[in-house]
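First comes the structure, then the notes that go with it.
This one's a predicted model, so the numbers in the text were calculated from it and none came from an experiment. Ligands are counted one by one from 1 in listed order, and the atoms in each one are counted from 1 as well.
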Amino acid sequence: METDKTVLPWRIEDIDLSQIVRLHVAINEDLLLLLCAASFIESGSDLYTSNLSTFFDGDLEVSDWLKRHWENEELQHGRALKAYINYVWPEFDWDLGFKHFFDEYSKTCSLEAFEKSWALEMVARCVVETGTATLYRAISEYSDEPVLKEITDHIRNDEVRHYKYFLRFFKKYNQIEGNNRFSVLSTLVRRVIEIKNEDLEIAFRHVFSIRYPEKVYSGACMHNKIARVNSLVRTHISADMCVKMLLKPLDLPAKIQPILQYPLAKIAQHVFFR
Ligand SMILES: [Fe+2]
Ligand SMILES: [Fe+2]
């Protein structure tokens with residue numbers, strides 16, 4: 001794995017975790033669940049990169065960027081969140097939770113889960129980056145702890161930049177493939193619906209079983225906690241930003257976009273983190 005510091009736009013090692021007022025943050029169990037679930041998914045990114053690189057094998061620009069930038073940045077997101085969790089909740093066994101998560105998660109990542117063409121897979125990537133950019137912005141808005149704000153702002157900037165790369169790659173491929181708006185829209189809608197389901201569900205389950213081993217068999221208890229975390233995110237979500245990003249691949253005429261913006265923002269608020 002490449003860890004050349006010149007490759008990363010920021011470094012978790014440069015952030016002073018000792019500025020965190022530990023006891024103030026540590027009482028927030030919802031935050032632990034949320035950060036941990038996010039850190040597990042981010043930390044599984046290397047598996048995804050190798051699948052993506054295989055899928056885009058033949059386009060050196062894309063596979064090179066994925067390997068040299070995207071993967072390192074996503075893995076740093078996982079490391080940064082893990083460092084924060086270890087500092088605030090040192091009793092939480094992150095490594096064990098991640099091991100259990102990864103055993104299950106790795107079985108769900110396969111090449112079959114990819115879209116049927118390069119352009120449409122780039123649409124799917126745009127949806128994922130929109131989801132993560134929206135999530136980290138919401139965490140930053142929610143938190144009143146400066147170090148977490150700093151970390152999540154850095155991560156959000158990375159996710160927005162990833163989105164811009166994937167959007168550019170989509171346009172490049174779509175000039176060749178010529179997918180119409182309907183195919184792009186149906187990919188967008190399907191991926192938005194899928195976005196939270198499986199990955200987050202697996203992550204939450206494994207965080208939960210480490211944090212509350214005595215309640216692991218109580219589905220209702222876990223369901224309640226996940227609902228609380230989702231509502232925390234939903235309350236701080238920037239639906240406008242999210243919808244603007246989602247609509248870009250459709251390349252809608254300038255007159256239509258503002259008309260769709262408001263109703264879609266309302267829908268997005270309910271679809272993401274419902
Ligand atoms: Fe990320
Ligand atoms: Fe990303």
Side-chain angles (χ1 to χ4, degrees), residues 1-3 7-13 15 31 34-53 55-56 61-85 94 98 101-102 105-106 109 113-115 121-143 148-170 188 191-192 194-196 198-200 202-204 207 233 237-238 241-242 244-246 248-249 272-273:
M1 186 184 72
E2 190 169 358
T3 52
V7 170
L8 293 168
W10 61 282
R11 286 165 36 92
I12 181 61
E13 292 77 8
I15 293 177
L31 188 63
L34 178 58
L35 295 182
C36 230
S39 71
F40 284 179
I41 296 170
E42 297 278 10
S43 301
S45 300
D46 48 350
L47 177 79
Y48 226 93
T49 320
S50 61
N51 284 349
L52 268 181
S53 299
F55 188 75
F56 291 107
E61 185 195 11
V62 173
S63 49
D64 189 57
W65 176 77
L66 285 169
K67 209 67 203 127
R68 280 170 40 83
H69 297 277
W70 185 80
E71 179 183 22
N72 288 336
E73 290 171 21
E74 297 295 4
L75 288 175
Q76 174 167 250
H77 299 168
R79 279 203 316 281
L81 295 171
K82 177 185 176 184
Y84 191 91
I85 292 160
W94 190 95
F98 180 67
F101 161 79
F102 197 73
Y105 178 66
S106 55
C109 298
F114 285 64
E115 295 296 326
E121 182 53 33
M122 287 304 177
V123 173
R125 296 291 99 212
C126 285
V127 173
V128 172
E129 301 293 348
T130 300
T132 51
T134 307
L135 171 68
Y136 291 111
R137 181 169 169 172
I139 298 175
S140 172
E141 301 269 317
Y142 162 74
S143 175
L148 184 59
K149 267 189 187 298
E150 187 182 351
I151 292 173
T152 48
D153 286 347
H154 277 309
I155 299 180
R156 192 264 318 268
N157 290 340
D158 288 349
E159 309 295 20
V160 170
R161 194 174 54 261
H162 297 163
Y163 164 89
K164 287 179 178 166
Y165 268 90
F166 285 128
L167 182 66
R168 182 164 71 74
F169 295 146
F170 159 72
L188 277 172
R191 299 303 287 238
V192 165
E194 283 171 12
I195 195 167
K196 68 162 294 221
E198 204 174 12
D199 297 1
L200 264 180
I202 297 171
F204 273 132
V207 178
V233 175
I237 223 167
S238 169
M241 177 189 96
C242 174
K244 254 185 210 151
M245 289 170 82
L246 286 176
K248 279 248 167 76
F272 280 105
F273 310 100

Identity of the N, O or S atom of His162 lying closest to the Fe ion (ligand 2): ND1

Aromatic contact, Phe169 with Trp65 (centres under 6.0 Å): yes

OG1-CZ distance between Thr134 and Arg156, expressed to the nearest 0.5 angstrom: 10.0 Å

Main-chain N/O of Tyr136 paired with Ser140 side-chain donor or acceptor, under 3.5 Å: no

Asp158 near the Fe ion (ligand 2): N/O/S under 2.8 Å: no

OE2 (Glu159) - the Fe ion (ligand 1) - ND1 (His77) angle, nearest 10°: 100°

Considering only N, O or S atoms of Glu74, the one closest to the Fe ion (ligand 1): OE1

Heavy-atom donor-acceptor pair, Tyr163 side chain to Met245 backbone, under 3.5 Å: yes

Atom name in Glu129, limited to N/O/S, at shortest distance from the Fe ion (ligand 2): OE1

N/O/S from Glu42 sitting under 2.8 Å away from the Fe ion (ligand 1): yes

Nearest atoms (heavy-atom pairs only) where Arg11 meets Gln76: CA-OE1, 3.3 Å

